[in-house]
Amino acid sequence: MSDPETPDDLREAAQPGAGEVTATVIVNAPAEQVFAALLAWERQSDWIPFTKVRVVEGDGGEGSLIEAVTTLGPAVLRDEMRVVRIDAPYEIGVVHCGTLLRGPGVLRCTQLAGGRSQVVWHEWFHVPGGRAGRVAWPVLWPGSKFSLTQALRRFARQVEQGRLP
């Protein structure tokens, strides 16, 4: 675990980056249930492949530090995020504040007719690698969007089956 971010570092990380990705899913469950499942941070390990999520500081609410470690073969990606806003049952705001992944993210939950909910996951990453990273982003973006969408589909199935939260 690294030292907590200073407020200035968190403000810098909270600025939207050039790497933007959005995924959306409709869940056949009410917003309150869906939102509770989104806040079950450590259960994200059940629906985000190759990823172990844990609460490092706090209780998972505002101010908490969440760590997600994705391991694929020898590659390991550590993502730290500070929970900066919870507006139940509508929105969770985070700031990715680790060494490699930085930038704001938001999970939005909207109640729809018929007891359904729409979940929108939106991230604005600072693209590492300077100019080369910005040039590579359009090539990497489709894979990021596909992975995020697949994860949200797994999430929806698990909520609908009563396996989450």
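Just so we're clear, the structure is a prediction, and the values are computed from it rather than from any experiment. We number each residue from 1, following the sequence as shown.
- Note: the hydrophobic cluster containing Trp124 does not contain Leu107 (ILVMFWY, side chain heavy atoms under 4.5 Å, direct or indirect links).
- Of all non-hydrogen atoms in Ala151 and Ile48, the two that sit nearest each other are CB-CG1, 4.3 Å.
- Interatomic distance, OG of Ser64 versus CG of Asp59, reported as 4.5 Å (0.5 Å rounding).
- The CZ atom of Arg102 sits 8.5 Å away from atom CG of Leu10, with the distance rounded to the nearest 0.5 Å.
- Although no hydrogens or angles enter the test, the distance criterion places no donor-acceptor pair under 3.5 Å between the side chain of Glu160 and the main chain of Ala29.
- For the atom pair CD (Glu80) and CD (Glu57), the distance works out to 9.0 Å, reported to the nearest 0.5 Å.
- Salt-bridge annotation for Arg54 and Glu42: absent, with no side-chain N of the basic residue lying under 4.0 Å from a carboxylate O of the acidic one.
- For the residue pair Ala23 and Thr149, the shortest heavy atom distance occurs at CB-OG1, 3.5 Å.
- The pair Glu91-Arg85 meets the salt-bridge criterion, since a charged nitrogen lies less than 4.0 angstrom from a carboxylate oxygen.
- The closest donor-acceptor contact from the side chain of Thr51 to the backbone of Pro49 lies under 3.5 Å.
- A donor-acceptor pair under 3.5 Å is absent between the side-chain atoms of Ser117 and the main chain of Val27, judged by distance alone.
- The nearest pair of heavy atoms linking Val25 to Ala156 is CG2-CB, 3.8 Å.
- Ile66 contributes atom CD1, which lies 5.5 Å from atom CH2 of Trp41 (distance to the nearest 0.5 angstrom).
- Under the 4.5 Å side-chain criterion, counting only non-hydrogen atoms from C-beta, Arg108 is not in contact with Gln118.
- Using a 4.5 Å heavy-atom cutoff, the side chains of Ile92 and Phe35 are in contact.
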Worked check of side chain to side chain contact (heavy atoms under 4.5 Å, CB included) between Trp121 and Val21: CA-CA 8 Å; Trp121 186 349; Val21 63; over 6 Å; no
Side chain to side chain contact (heavy atoms under 4.5 Å, CB included) evaluation trace for Trp47 with Leu152: CA-CA 8 Å; Trp47 51 275; Leu152 275 183; 4.3 Å; yes
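- Counting only distance, with no hydrogens or angles, the side chain of Ser45 and the backbone of Val53 share a donor-acceptor pair below 3.5 Å.
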Full working for side chain to side chain contact (heavy atoms under 4.5 Å, CB included) between Glu67 and Met81: CA-CA 6 Å; Glu67 176 188 66; Met81 42 204 134; over 6 Å; no
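- Distance check: Ile86 CD1 to Glu62 CD gives 5.5 Å after rounding to the nearest 0.5 Å.
- Qualifying salt bridge (Lys or Arg N to Asp or Glu O under 4.0 Å) partners for Arg116, counting only residues two or more places apart in sequence or in other chains: none.
- Separation of atoms CZ (Arg154) and CD (Gln158) is listed at 8.5 Å; rounding is to 0.5 Å.
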Residue pair Val69, Leu77: steps toward the side chain to side chain contact (heavy atoms under 4.5 Å, CB included) verdict: CA-CA 6 Å; Val69 178; Leu77 177 63; over 6 Å; no
Listing, residues 94-101 side-chain donor-acceptor contacts under 3.5 Å, not counting sequence neighbours, or none:
residue: His96; atom: ND1; partner: Asp79; partner atom: OD1; Å: 2.8
residue: His96; atom: ND1; partner: Asp79; partner atom: OD2; Å: 3.0
residue: His96; atom: NE2; partner: Glu123; partner atom: OE1; Å: 2.6
residue: His96; atom: NE2; partner: Glu123; partner atom: OE2; Å: 3.3

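- Here the closest non-hydrogen pair linking Ala37 and Pro165 is CA-CB, 3.7 Å.
- Counting side-chain heavy-atom gaps under 4.5 Å among Ile, Leu, Val, Met, Phe, Trp and Tyr, Tyr90 is found in no cluster with other residues.
- Two different hydrophobic clusters hold Phe155 and Val120 under the rule that ILVMFWY side chains link at heavy-atom gaps under 4.5 Å.
- Closest approach of Ala31 and Pro89 over heavy atoms only: O-CB, 4.2 Å.
- The backbone N or O of Asp46 lies less than 3.5 Å from no partner atom in the side chain of Arg163, so there is not a single donor-acceptor pair.
- Cluster membership for Leu39 and Val119, using ILVMFWY side-chain heavy atoms within less than 4.5 angstrom, is shared.
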